[in-house]
Amino acid sequence: MSSRTYYVTTPIYYVNDVPHIGHAYTSLACDVLARFKRLDGYDVHFLTGTDEHGQKVEKAAATAGLSPQQFTDKVSQSFRDLVGKMNYSPDNFIRTTEPRHYKSCQALWEKLIAAGDIYLGKYAGWYSVRDETYFVEGETEVGQDGKRRATSTGAEVEWVEEPSYFFKLSAWTERLLAFYEKNPRFIGPDSRRNEILSFVKGGLQDLSVSRTSFSWGVPVPGDSKHIMYVWLDALTNYITECGYPDTDSPLWKYWPADLHMVGKDIIRFHCVFWPAFLMAAGLAPPQRVFAHGWWTNEGQKMSKSLNNAIYPDELVKTYGLDPVRYFLLREVPFGNDGDFQKRALIGRMNGDLANAYGNLCQRVLSIVAKSCGEKIPPRGTLTEADTALLDRAKGLLAIVRAELDDQAFHRALTAIWEVIADANRYVDAQAPWALAKTDPVRRDTVLWVLAETIRRVTLLVQPFMPESAAKILDQLGVPESARAFASFDAELVSGTGLPKPQGVFPRYVEPKAA
RNA sequence: GGGCCCGUAGUUCAGUGGUCAGAACGAGCCGCUCAUAACGGUUAUGUCGCAGGUUCAAAUCCUGCCGGGCCUACCA
């Protein structure tokens with residue numbers, strides 16, 4: 001294994017929800033990076049899992065007539081199932097209810113206590129019984145009747161105080177700003193970085209990191225009335241996985257993580273609280289946190305009341321797995337919000353996959369099958385047009401590598417598809433079907449150049465569409481041992497026997513309206 | 001209220017001072033026939049949100065306005 005490690009994580013998903021397209025999207029992005037880095041020779045660790053503590057879970061379990069543990073066992077499984085359905089390749093699936101995680105959280109807690117960054121205080125605020133939540137003063141207003149209510153929900157609130165441990169976040173403002181300054185790539189995209197910066201510059205308040213109002217959580221060491229704040233608990237999963245507190249663990253080599261992929265809603269926890277916790281405990285913060293955007297459904301926000309959430313299994317069933325994977329990362333600049341449109345998905349599926357890429361493979365491979373004895377044709381002298389196309393294909397690896405290091409999936413794919421378009425132009429310009437009669441030697445060379453171009457393109461497609469890419473590489477006679485990027489420059493060998501070509505990307509035809 | 005971002009062809013977007021403002025998809029026309037009726041060539045479409053200003057020169061910088069989005073702490 002390579003000494004270059006790459007540790008990428010999804011957020012751990014909160015089990016009070018069934019997996020929808022948002023979860024699928026985050027994990028997909030991580031999966032593509034993990035697969036790419038493995039092919040590129042890194043020692044990769046890809047982690048996903050579920051966050052299983054908190055009041056909502058405790059309540060939902062009670063409603064379902066289950067113990068919290070039974071309840072989370074059940075819901076956690078639906079996220080585990082998503083891994084298979086979407087063909088993700090995590091190295092592990094962590095759950096915050098695992099004993100090793102309790103140990104890790106408590107060890108971190110004790111470190112923070114020892115460092116003087118956690119103290120016992122009082123948590124006070126405007127509590128709404130109906131909403132079961134606290135509001136800060138600014139989120140409430142006093143009505144005509146003299147009663148104070150939460151502005152957002154309209155529920156009456158009362159002043160409540162409870163003992164709570166606090167993390168001295170206020171003391172970290174300057175150190176965090178210095179950290180962001182020194183690590184300009186810590187937060188992506190830039191728009192989010194700006195938001196975090198202005199948030200932190202506004203000054204930080206101490207953070208309540210324990211609760212006494214419910215019990216489904218990690219107990220605070222030495223004070224069993226308290227359980228840990230779910231975010232302190234949840235974030236810690238990233239180091240639990242690496243063996244914390246045992247820094248001699250074989251997995252500790254992966255820390256600090258190269259990338260925490262998150263949705264834009266949880267960026268603050270990852271970019272402010274998490275590095276502060278880690279630095280306070282004397283641990284290195286992650287290298288980078290990237291926040292992607294949200295999907296809307298045909299222009300509308302997805303919500304429970306509209307009942308318009310998009311579920312990955314339904315998409316996969318209708319359109320196939322790889323087209324969905326491709327669409328999600330190609331359609332929208334990663335980091336922006338995106339609108340999910342059926343029409344757009346079908347357009348990508350038919351235009352980019354079936355017509356451009358699939359048909360390119362098919363038209364080339366079928367001539368090879370018919371005219372070259374089902375073998376990789378011999379390669380003759382290369383013309384300028386040949387080397388021009390081959391050079392563009394060769395250059396793709398460096399481009400895709402750079403784009404993916406910026407999480408610019410859409411740009412990586414655009415670059416690959418430009419070469420596919422070049423290849424289609426090249427087919428028309430060279431017209432191998434005409435060369436069959438006039439110059440079969442030249443025809444063979446043209447076909448070799450095309451097959452070789454498809455090989456390079458397809459190696460790079462692997463992380464995005466693993467199954468489809470594998471089928472194409474099979475049809476090109478590329479052995480599995482030659483599919484990592486170490487073999488990127490190992491050109492096709494003339495004379496290699498080939499199987500019968502078969503279409504890999506079917507066109508999508510709308511079923512007759514019911 | 002404060003802060004950040006956006007408004008460019010039918011659609012999605014690229015373009016941060018300087019050739020006639022670009023791409024993709026969609027549309028029209030032409031070509032090809034190897035291929036999943038796929039592929040290639042070509043044409044057309046824009047008061048670059050509005051109004052001022054700076055400059056030899058602005059989609060690109062500044063100001064104001066209109067429209068839209070996001071952030072503004074313990075509820076994941």
Side-chain angles (χ1 to χ4, degrees), chain A residues 11-17 51 53-57 123 125 127-128 131-136 138-139 150 152-153 164 166-167 169 189-211 229-235 263-269 272-273 293-294 331-333 336-339 341 343-344 347-348 350-371 410-411 414 417-418 421 423-436 443 446-447 450 501-509:
Chain A
I12 45 176
Y13 300 114
Y14 200 56
V15 292
N16 191 30
D17 201 359
D51 177 12
H53 291 134
Q55 191 167 22
K56 278 189 190 171
V57 172
Y123 181 39
Y127 186 75
S128 155
D131 303 320
E132 295 180 314
T133 181
Y134 282 92
F135 292 93
V136 295
E139 291 174 322
S152 54
T153 67
S164 170
F166 282 84
F167 176 76
L169 189 61
D190 287 343
S191 51
R192 300 295 162 201
R193 181 182 158 79
N194 290 342
E195 276 177 21
I196 291 294
L197 246 60
S198 71
F199 172 74
V200 174
K201 276 179 188 156
L204 298 169
Q205 292 172 20
D206 289 353
L207 184 69
S208 165
V209 288
S210 76
R211 296 288 185 275
Y229 172 45
V230 284
W231 269 108
L232 176 55
D233 166 356
L235 290 162
K264 64 178 184 179
D265 55 329
I266 56 174
I267 189 166
R268 174 173 312 144
F269 304 102
V272 181
F273 300 172
W294 288 141
E331 181 67 8
V332 176
N336 290 6
D337 286 347
D339 187 33
Q341 292 179 297
R343 205 182 51 176
R348 290 289 175 198
N350 290 344
D352 295 0
L353 299 182
N355 296 352
Y357 183 33
N359 183 55
L360 171 70
C361 297
Q362 190 66 13
R363 67 197 300 211
V364 169
L365 288 168
S366 71
I367 309 180
V368 170
K370 274 188 241 163
S371 314
H410 62 295
R411 284 212 297 264
T414 303
W417 257 256
E418 275 171 16
N424 270 319
R425 268 189 287 275
Y426 174 89
V427 180
D428 277 45
Q430 303 298 323
W433 55 90
L435 290 168
R443 185 228 21 222
V446 164
L447 291 172
L450 282 164
Q502 257 187 326
V504 171
F505 296 107
R507 286 183 66 77
Y508 179 80
V509 182

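Chain letters run A, B, ... following the sequence lines, proteins first, then strands; residues in each count from 1.
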Return the value, rounded to whole Å, for the distance between atom [atom1] of [X] and atom [atom2] of [N].
X      : N     : atom1 : atom2 : result
A/N336 : B/C4  : CG    : P     : 19 Å
A/F199 : B/C70 : CZ    : C1'   : 15 Å
A/L197 : B/C70 : CG    : C1'   : 16 Å
A/R343 : B/C25 : CZ    : C1'   : 9 Å
A/D265 : B/U72 : CG    : P     : 11 Å
A/N194 : B/C71 : CG    : P     : 14 Å
A/Y508 : B/A38 : OH    : P     : 17 Å
A/I266 : B/C74 : CD1   : P     : 16 Å

Does any part of the side chain of [Y], heavy atoms only, come nearer than 4.5 Å to the side chain of [X], both counted from C-beta?
X      : Y      : answer
A/L207 : A/Y229 : yes
A/N424 : A/R363 : yes
A/K264 : A/D337 : yes

Using atom [atom1] in both nucleotides, what's the gap between [N] and [M] to the nearest angstrom?
N     : M     : atom1 : result
B/A23 : B/C48 : C1'   : 15 Å
B/G40 : B/C25 : P     : 8 Å
B/G1  : B/A14 : C1'   : 35 Å
B/U45 : B/C20 : C1'   : 15 Å
B/U47 : B/G2  : C1'   : 35 Å
B/A76 : B/C5  : C1'   : 26 Å
B/A21 : B/A58 : C1'   : 12 Å
B/C75 : B/G68 : C1'   : 28 Å

Point to revise | Most 5' of A/V230 and A/R192 on RNA chain B, judged by nearest nucleotide | key: A/R192
**Study point:** Comparing A/W231 and A/D206 on RNA chain B - which has the more 5′ nearest nucleotide
**Key:** A/D206
N/O donor-acceptor pair under 3.5 Å between [X] side chain and [Y] backbone:
X      : Y      : result
A/D51  : A/Y13  : no
A/Y14  : A/H53  : yes
A/W417 : A/D352 : yes
A/N350 : A/Y508 : yes

**Study point:** Spacing of A/L447 atom CG and A/L365 atom CG [to the nearest 0.5 Å]
**Key:** 9.5 Å
Exercise for review: Would you please confirm or rule out a distance under 4.0 Å between OP1 or OP2 of B/A76 and any side-chain N or O of A/K56?
Suggested key: yes
Does [N] have a Watson-Crick or wobble mate here (both distances under 3.5 Å), and if so which one?
N     : result
B/G67 : B/C6
B/U55 : none
B/C20 : none
B/A35 : none

When all nucleic acid strands are considered with a 4.0 Å heavy-atom cut-off, which category describes [X]: base, sugar-phosphate, or nothing?
X      : answer
A/L204 : base
A/R348 : nothing
A/G263 : nothing

Choose from [options] the nucleotide whose nearest atom is closest to any side-chain atom of [X].
X      : options             : answer
A/K264 : B/C70, B/G41, B/C74 : B/C70
A/E195 : B/A76, B/C70, B/A73 : B/C70
A/Y229 : B/G3, B/U72, B/C75  : B/C75

Can you check nucleotides 33-36 of chain B for protein contacts, nitrogen or oxygen pairs under 3.5 Å, and list what you find?
{"residue": "B/C34", "atom": "O2'", "partner": "A/R363", "partner atom": "O", "Å": "3.4"}
{"residue": "B/C34", "atom": "O2'", "partner": "A/S366", "partner atom": "OG", "Å": "3.4"}
{"residue": "B/C34", "atom": "O2", "partner": "A/R363", "partner atom": "NE", "Å": "3.2"}
{"residue": "B/C34", "atom": "N3", "partner": "A/R363", "partner atom": "NE", "Å": "3.4"}
{"residue": "B/C34", "atom": "N3", "partner": "A/R363", "partner atom": "NH2", "Å": "2.6"}
{"residue": "B/C34", "atom": "N4", "partner": "A/R363", "partner atom": "NH2", "Å": "3.1"}
{"residue": "B/A35", "atom": "OP1", "partner": "A/K370", "partner atom": "NZ", "Å": "2.8"}
{"residue": "B/A35", "atom": "O2'", "partner": "A/N359", "partner atom": "OD1", "Å": "2.4"}
{"residue": "B/A35", "atom": "N3", "partner": "A/N359", "partner atom": "ND2", "Å": "3.2"}
{"residue": "B/A35", "atom": "N3", "partner": "A/R363", "partner atom": "NE", "Å": "3.3"}
{"residue": "B/U36", "atom": "O2", "partner": "A/F505", "partner atom": "O", "Å": "3.4"}
{"residue": "B/U36", "atom": "N3", "partner": "A/F505", "partner atom": "O", "Å": "2.5"}
{"residue": "B/U36", "atom": "O4", "partner": "A/G358", "partner atom": "O", "Å": "3.4"}
{"residue": "B/U36", "atom": "O4", "partner": "A/F505", "partner atom": "N", "Å": "3.3"}
{"residue": "B/U36", "atom": "O4", "partner": "A/F505", "partner atom": "O", "Å": "3.3"}

Review point. Which word best sums up how the rings of A/Y357 and A/F505 line up, parallel for under 30°, tilted for 30 to 60°, or perpendicular for over 60°?
Key: tilted
